[in-house]
Each structure stands twice: as C-alpha cells, then as structure tokens.
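Here the structure comes first, spelled out in structure tokens, and everything after it is commentary.
Here is the naming used below: chain letters follow the sequence lines, and residue numbers restart at 1 for every chain.
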Amino acid sequence: MMANGMDTVVQQNGGSNLGQSSQEESKTNLIVNYLPQTMTQEEIRSLFSSIGEVESCKLIRDKVTGLNSQSLGYGFVNYHRPEDAEKAINTLNGLRLQNKTIKVSYARPSSEAIKGANLYVSGLPKNMTQQDLESLFNPYGRIITSRILCDNITVRQFTTGGGDNLPGLSKGVGFIRFDQRVEAERAIQELNGTIPKGSTEPITVKFANNPSNNSKAIPPLAAYLTPQATRRFGGPIHHPTGRFRYSPLAGDLLTNSMLPGNAMNGSGWCIFVYNLAPETEENVLWQLFGPFGAVQSVKVIRDLQTNKCKGFGFVTMTNYEEAVVAIQSLNGYTLGNRVLQVSFKTNKSKAA
DNA sequence: CGACGGGACGC
DNA sequence: CGACGGGACGC
C-alpha cells in the first residue's frame with residue numbers, strides 16, 4: 001500500500017485557477033475510480049451509505065460527446081464525518097464489482113494544476129516491475145497511479161501492490177499519473193530518451209492521450225443489450241466446494257422450482273441471504289455479490305436492540321441472469337464457519 | 001433447529 | 001517502428 005503522501009508536495013504554483021494550496025486535503029471527500037459502466041449514481045450512494053452518512057455523491061458522466069451520457073467510470077462521494085471516509089477507504093477500496101476493482105481514495109482539491117498529469121511511457125525493459133517504474137519516476141513528484149500493460153487479462157493492482165505474481169508478460173508500456181502537471185513535465189524532461197539502469201533501450205516519456213476524444217466514443221447501443229457479456233465472470237474468490245456446486249444444467253431446475261415470484265420488485269431481483277454471522281455488515285454482501293453483476297442495494301437485517309445481524313439480509317440485483325448465477329454460486333458457500341443459503345426472496349414474513 | 005427488511009405510491 | 005489504460009478532479 002502506498003502511504004498518503006502528506007509531504008512531498010512542493011507547490012510550484014504554475015496553476016492559474018484558485019488558491020487553495022494542496023496542503024489541506026479534504027478528510028471527507030473521496031474519489032472513486034474504475035466503477036462498472038452500468039453503475040448508477042444511486043447505486044454508488046447506496047454502496048457508500050453502508051459505511052456512513054453521505055453528504056453528497058456524484059457520478060461523472062460524459063455529456064460532451066453526447067450519447068446516452070455515459071459514465072466516465074469515476075465519481076465523488078463526500079461524507080459528513082471524516083472517520084466514515086476513512087472507513088470507506090479501508091473497506092471499499094479494492095472491492096470487486098462486476099469485472100472491475102474499484103479504487104477509493106481521498107479526492108484532491110480540484111485545481112487546474114492537477115489536470116493533464118498523466119504520462120505514457122514506452123520502451124520499458126520487459127522485466128521492469130511496477131515498483132521499478134515507480135522508483136524511476138519517484139524523484140519527480142508524487143505518483144497517483146502507475147501501471148504496466150501486460151498481455152494477459154488478469155486483475156492488476158493500482159499501486160505498489162507487492163505480490164503481483166501472475167505471468168502476464170509486460171508490453172514494455174506503462175502509465176504514470178503524477179499529482180501535479182509540473183511534476184509530469186519535469187519527468188518528461190529528465191527521463192525521456194534516457195536508458196534505464198540495466199537496459200539498452202531508451203524509454204519514451206510523453207503525455208498520455210486524453211481518453212475522451214478517441215474513436216471508441218460511440219459504442220453501438222446494442223453493446224448494452226447483449227445479454228451474454230457477463231457470463232465469463234464467475235466470481236473470482238468464490239470456490240464453492242463440490243457438494244454444493246450446481247451443475248450448469250441445474251439452471252432449469254432452479255428457474256422452475258424456485259420461481260422468484262415476488263422477488264422482482266420494481267427494477268430488480270431481490271435475493272434472500274440466510275445464515276449470516278451477527279457481526280455481518282453491508283460490505284460483506286457487496287463483496288459477495290458484486291462480482292456477479294449489477295447490484296442495486298444490499299441490506300443486513302439487524303435486531304433493533306442489539307444492532308446485531310439477525311442472520312439474514314437482502315441483495316437486489318438488476319439482471320435476472322446475473323441474479324441466478326449469483327444464487328447458484330453462493331448458495332452453499334461457506335462464509336467463515338457458516339454455510340450460506342441463498343435464494344430469491346419469497347413472501348414469507350413473520351406477520352404472515 | 002433456526003428462515004424472508006422497511007419505508008412507503010397516489011388517490 | 002509503435003505501442004494508449006480500468007476514461008483520475010466535478011462533462
């Protein structure tokens with residue numbers, strides 16, 4: 001993990017806009033990156049409200065290139081209390097939602113000086129690690145993110161992740177985002193064309209393209225309607241053991257025998273989760289169901305007196321197919337020392 | 001063994 | 001040689 005760079009900020013004052021030197025960063029305002037494309041602002045609010053009272057929440061959408069105002073994949077969440085913001089970072093950073101791993105960190109004060117601070121680096125030796133890359137650029141400023149592109153498609157860490165063992169071969173290309181544009185400029189001046197220690201080839205360091213004005217800007221509307229795209233994500237951390245696993249053929253069995261009935265409520269499918277531990281919090285449900293698809297909301301049912309979980313909760317997912325896969329995968333899953341029972345919600349209530 | 005919130009449409 | 005990401009500062 002990366003320590004929050006509380007020092008290292010040498011204000012060069014090249015900006016033009018507003019004062020607010022970057023000393024005093026907000027302790028309540030977070031930036032959330034790498035959000036799944038389909039996640040709405042309200043779903044983000046729901047997710048972060050599970051930590052504490054949210055003062056404001058904004059998902060950034062593309063309104064310039066027109067289209068259906070696409071999510072730009074990031075947003076801001078401001079809490080009332082600093083301790084909730086800190087807890088959100090601790091519990092939600094790295095959460096897997098659909099095919100993404102979200103990043104939660106403190107937002108920096110907005111200013112012109114932090115824009116356009118992203119660098120594209122090529123010609124890196126293939127054996128250079130992300131840590132090596134950061135070491136190379138560290139002298140020139142505070143690094144916000146770094147990344148080395150690899151061939152295989154596996155989940156990567158954002159910052160010095162330590163044990164990244166997967167065999168993906170480096171493409172010799174990477175990105176470094178600095179805190180300040182002036183830092184990026186200086187890194188270009190100092191590093192472009194230089195030969196890293198132990199290498200023979202000079203590297204290229206330049207500003208990265210702006211992701212907005214490129215060709216993929218017009219996704220065929222149909223892309224959002226193709227139902228199958230989510231099939232390949234099986235829920236990476238879940239390995240239900242043999243006796244609980246459903247065969248793929250059991251799909252019909254489930255849809256026929258456990259008709260969701262009133263599980264569909266408005267715009268989603270409500271799932272009942274039973275046998276949760278008393279200490280269970282909402283983030284556990286997000287972790288469990290997030291990888292399977294769009295989750296709208298989660299709820300842990302608690303005893304009003306003790307505030308302990310009563311052993312069950314609810315999860316509402318947007319898409320039927322994803323809900324079915326989540327149920328098939330998580331029903332019988334052992335969480336802690338408990339075997340979960342997961343199904344569509346039924347009519348039962350203690351009143352009935 | 002145990003088991004399906006809760007707040008709340010609009011007229 | 002080129003290579004462009006998981007659209008990171010309020011779209």
Ignoring the backbone of [X], work out which of [options] is nearest its side chain.
{"X": "A:Thr346", "options": "B:dC4, C:dG5, C:dG10", "value": "B:dC4"}
{"X": "A:Lys206", "options": "C:dG10, C:dA8, C:dC4", "value": "C:dC4"}
{"X": "A:Lys100", "options": "B:dC4, C:dA8, C:dG7", "value": "C:dG7"}
{"X": "A:Ala208", "options": "B:dC4, B:dG2, C:dC4", "value": "C:dC4"}
{"X": "A:Phe175", "options": "C:dC9, C:dC4, C:dA8", "value": "C:dC4"}
{"X": "A:Ile144", "options": "C:dA3, B:dG2, C:dA8", "value": "C:dA8"}
{"X": "A:Lys115", "options": "C:dG10, C:dC4, C:dA8", "value": "C:dG10"}
{"X": "A:Arg108", "options": "C:dC9, C:dC4, B:dC4", "value": "C:dC9"}

Rounding to an integer number of Å, can you tell me how far [X] [atom1] sits from [N] [atom2]?
{"X": "A:Leu124", "N": "C:dA3", "atom1": "CG", "atom2": "P", "result": "15 Å"}
{"X": "A:Asn99", "N": "C:dG7", "atom1": "CG", "atom2": "P", "result": "9 Å"}
{"X": "A:Glu112", "N": "C:dA8", "atom1": "CD", "atom2": "C1'", "result": "14 Å"}
{"X": "A:Leu72", "N": "C:dG5", "atom1": "CG", "atom2": "P", "result": "15 Å"}
{"X": "A:Asp62", "N": "C:dG10", "atom1": "CG", "atom2": "C1'", "result": "13 Å"}
{"X": "A:Asn33", "N": "C:dG10", "atom1": "CG", "atom2": "P", "result": "13 Å"}
{"X": "A:Phe178", "N": "C:dC9", "atom1": "CZ", "atom2": "P", "result": "16 Å"}
{"X": "A:Ile60", "N": "C:dC9", "atom1": "CD1", "atom2": "C1'", "result": "8 Å"}

(message) Heavy-atom nearest nucleotide on DNA chain B for A:Leu304 versus A:Tyr274: which residue maps closer to 5'?
(response) A:Tyr274
(message) Tell me if the aromatic rings of A:Phe178 and A:Tyr140 count as close, with their centers under 6.0 Å from one another.
(response)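 No: the rings miss the under 6.0 Å criterion.
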For [N] and [X] - does any side-chain N or O of the residue sit under 4.0 Å from the phosphate oxygens OP1/OP2?
{"X": "A:Lys299", "N": "B:dC4", "answer": "no"}
{"X": "A:Lys58", "N": "C:dC11", "answer": "yes"}
{"X": "A:Lys126", "N": "C:dA3", "answer": "no"}
{"X": "A:Thr145", "N": "C:dA8", "answer": "no"}

Salt bridge between [X] and [Y], side-chain N to carboxylate O under 4.0 Å?
{"X": "A:Lys115", "Y": "A:Glu112", "answer": "yes"}
{"X": "A:Arg181", "Y": "A:Glu185", "answer": "yes"}
{"X": "A:Arg302", "Y": "A:Glu282", "answer": "yes"}

(request) Assess whether one donor atom and one acceptor atom, taken from the side chain of A:Asn275 and the base of B:dG2, lie less than 3.5 Å apart. (result) no
(message) Regarding A:Asn29, tell me which of base, sugar-phosphate or nothing describes its non-hydrogen contacts under 4.0 Å with the strands shown.
(response)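 If one applies the 4.0 Å heavy-atom cut-off, A:Asn29 turns out to touch a base.
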(message) Does A:Tyr120 reach a base, just sugar-phosphate, or nothing at all? Heavy atoms under 4.0 Å.
(response) base
(request) Quick one: classify the glycosidic conformation of C:dG7 as syn or anti, with syn meaning within 90° of 0. (result) syn
(message) If the glycosidic angle sits within 90 degrees of zero it is syn, else anti. Tell me which applies to B:dC9.
(response)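 B:dC9: syn glycosidic orientation.
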(request) Return the 5'-most residue of the pair A:Asn118, A:Ile114 with respect to DNA chain C, ranking by each residue's nearest nucleotide. (result)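 Comparing both residues, the 5'-ward one is A:Asn118.
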(message) Between the base of C:dA8 and the ring of A:Tyr74 - centre-to-centre under 5.5 Å, planes within under 30° - is that a stack?
(response)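 One would not call A:Tyr74 stacked on the C:dA8 base.
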(request) May I ask you to decide if A:Glu321's main-chain N or O and A:Asn319's side chain share a donor-acceptor pair within less than 3.5 Å? (result)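 A pair under 3.5 Å: no.
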(request) Starting at CZ of A:Phe175, measure out to OG of A:Ser122 and round the result to the nearest 0.5 Å. (result)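 Spacing of CZ (A:Phe175) from OG (A:Ser122) equals 9.5 Å.
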(request) Please report the shortest heavy-atom distance between A:Glu43 and A:Thr38, naming the atom on each side. (result) OE1-O, 4.0 Å
